[in-house]
Visitor: 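Submitted below is the structure of interest, expressed as structure tokens.
Note that this is a predicted model, so its numbers are computed, not measured. Values below: all heavy atoms of this structure, side chains included; hydrogens, waters and symmetry mates excluded.
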Protein chains: 2
Amino acid sequence: MNKIPQEKIKRASEGLRAIAHELRLSVLCHLIEGDKCVHELMEATGASQSNLSQHLTKMRMMGIVDNEKRGQQVFYHIADPAWGDLVHVLQHIYCPEMCAEQPL
Amino acid sequence: MNKIPQEKIKRASEGLRAIAHELRLSVLCHLIEGDKCVHELMEATGASQSNLSQHLTKMRMMGIVDNEKRGQQVFYHIADPAWGDLVHVLQHIYCPEMCAEQPL
DNA sequence: TTATAATATTGTAAATATCTAATATATAAT
DNA sequence: ATTATATATTAGATATTTACAATATTATAA
């Protein structure tokens with residue numbers, strides 16, 4: 001009864017791959033707390049400018065994040081809050097102590 | 001306030017990678033409906049025996065699925081129901097029409 | 001206009017992941 | 001014992017991903 005079309009599974013797996021990387025997932029976790037410009041994300045993650053930019057571009061192209069230019073800075077934010085929910089599920093799996101008794 | 005330790009992020013990204021593949025995600029979707037033996041998963045996914053077995057092994061080693069021998073068959077099941085929840089979040093993103101008005 | 005700061009893009013070598021084919025193992029049936 | 005069935009493992013060629021360095025772009029400041 002849960003018949004998911006193959007094409008959707010393919011796109012979903014591509015979306016997953018877009019966050020299945022230590023640095024990209026780290027960025028996502030920081031963006032959950034609010035918009036951040038590239039510079040802030042560099043400091044928060046310790047990644048190099050070039051490397052971070054490439055990963056941000058990848059996530060933007062996959063529809064995970066979106067960006068917006070303000071002055072000379074570019075601010076990124078999570079495109080669909082469901083990606084934040086997905087991170088919360090991950091926390092339930094890998095950081096159960098942080099989730100305490102909260103249900104999904 | 002949502003400070004997630006880097007080590008957890010690393011492990012979570014590894015877990016994500018373990019399902020961020022069309023075939024592996026497809027298997028996961030089938031396992032949501034209940035335990036399946038390798039043979040059934042072969043038919044359901046159309047993958048070759050060898051290829052499927054390798055992907056199942058990878059998911060088992062990453063703690064996504066677990067298996068159990070019954071007679072001459074090996075049945076796989078989702079190890080932690082939270083992985084099923086994660087697939088549901090993906091459905092909200094990529095198959096919204098299937099989720100109708102259900103919240104997470 | 002020149003310089004500086006913030007971000008993006010490109011080229012590329014190294015690492016990782018993937019698939020197929022072949023082979024191995026273990027269990028059940030004859 | 002032999003054969004058949006179900007699943008796992010290994011080897012190797014190809015494809016994809018990654019990180020770093022260098023360069024480009026764009027907007028602001030001097």
Visitor: So A/Arg24, base contact, sugar-phosphate only, or nothing? Heavy-atom distance under 4.0 Å.
Guide: sugar-phosphate
Visitor: Taking the nucleotide of DNA chain C with the closest heavy atom to each, which residue, B/Lys58 or B/Gly71, is nearer the 5' end?
Guide: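 Here B/Lys58 is the residue nearer the 5' end.
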Visitor: Rounding to an integer number of Å, can you tell me how far A/Leu23 CG sits from D/dT17 C1'?
Guide: 13 Å
Visitor: Rounded to the nearest angstrom, tell me the gap between atom CE in B/Met61 and atom P in C/dA17.
Guide: 11 Å
Visitor: Nearest to the B/Asn51 side chain among C/dC19, D/dA8, C/dA17, which nucleotide is it?
Guide: C/dC19
Visitor: Taking only Lys NZ, Arg NE, NH1 and NH2, and the carboxylate oxygens of Asp or Glu, determine whether B/Glu68 and B/Arg70 approach each other closer than 4.0 Å.
Guide: yes
Visitor: On the side chain of B/Ser50, is there an atom forming a donor-acceptor pair with the base of D/dT9 - under 3.5 Å, no angle test?
Guide: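 For B/Ser50, whose side chain was compared with the base of D/dT9, there is a donor-acceptor pair (under 3.5 Å).
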Visitor: Count I, L, V, M, F, W, Y as connected when their side-chain heavy atoms are under 4.5 Å apart, and connections chain through other members. Are B/Leu56 and B/Phe75 then in the same cluster?
Guide: no
Visitor: Would you say that B/Asp66 contacts B/Ile78 through its side chain, given a criterion of any heavy-atom pair below 4.5 Å between the two side chains?
Guide: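 Sidechains of B/Ile78 and B/Asp66: no contact.
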Visitor: Nearest to the A/Lys69 side chain among C/dA8, C/dT18, D/dA27, which nucleotide is it?
Guide: D/dA27
Visitor: Between D/dA8 and B/Thr57, counting only base atoms on the nucleotide and side-chain atoms on the residue, is there a donor-acceptor pair under 3.5 Å?
Guide: no
Visitor: Using atom NE2 of A/His55 as one end and atom C1' of D/dT17 as the other, report the distance to the nearest whole Å.
Guide: 9 Å
Visitor: Could you check how far CD of A/Gln72 sits from P of D/dA29, rounded to whole Å?
Guide: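 Rounding to the nearest Å, CD of A/Gln72 and P of D/dA29 are 7 Å apart.
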Visitor: Which of the following nucleotides, C/dA17, D/dT7, C/dT7, is nearest to the side chain of A/Cys37?
Guide: C/dT7
Visitor: Remember a base hit wins even if backbone is also touched, and classify B/Gln49 as base, sugar-phosphate or nothing at under 4.0 Å, heavy atoms.
Guide: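 Result for B/Gln49 = base.
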Visitor: Less than 4.0 Å between a side-chain N and a carboxylate O, is that true for B/Glu97 and A/Lys8?
Guide: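 A salt bridge links A/Lys8 with B/Glu97.
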Visitor: Over all heavy atoms of both residues, which pair between B/Ala79 and B/Gly63 is shortest? Give the atoms and the distance, please.
Guide: CB-O, 3.4 Å
Visitor: Could you give the CZ-to-C1' distance, from B/Arg70 to D/dT5, as a whole number of Å?
Guide: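 Checked: the CZ to C1' distance equals 18 Å.
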Visitor: Whole-Å distance between C/dT7 C1' and A/His39 NE2?
Guide: 11 Å
Visitor: Between A/His21 and B/Asn67, name the one whose nearest nucleotide on DNA chain D is closer to the 5' end.
Guide: B/Asn67
Visitor: What's the closest nucleotide to the A/Gln54 side chain, out of D/dT18, D/dA19, C/dA21?
Guide: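 In terms of side-chain proximity for A/Gln54, the closest of D/dT18, D/dA19, C/dA21 is D/dA19.
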Visitor: Name the nucleic acid region contacted by A/Phe75, choosing base, sugar-phosphate or nothing; use a 4.0 angstrom heavy-atom cut-off, strictly under.
Guide: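 Contact class for A/Phe75: none.
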Visitor: Can you measure A/Tyr76 atom OH to C/dT7 atom P for me and round it to whole angstrom units?
Guide: 9 Å
Visitor: For B/Met59 and D/dT7, give me the distance from atom CE to atom P, rounded to whole Å.
Guide: 15 Å
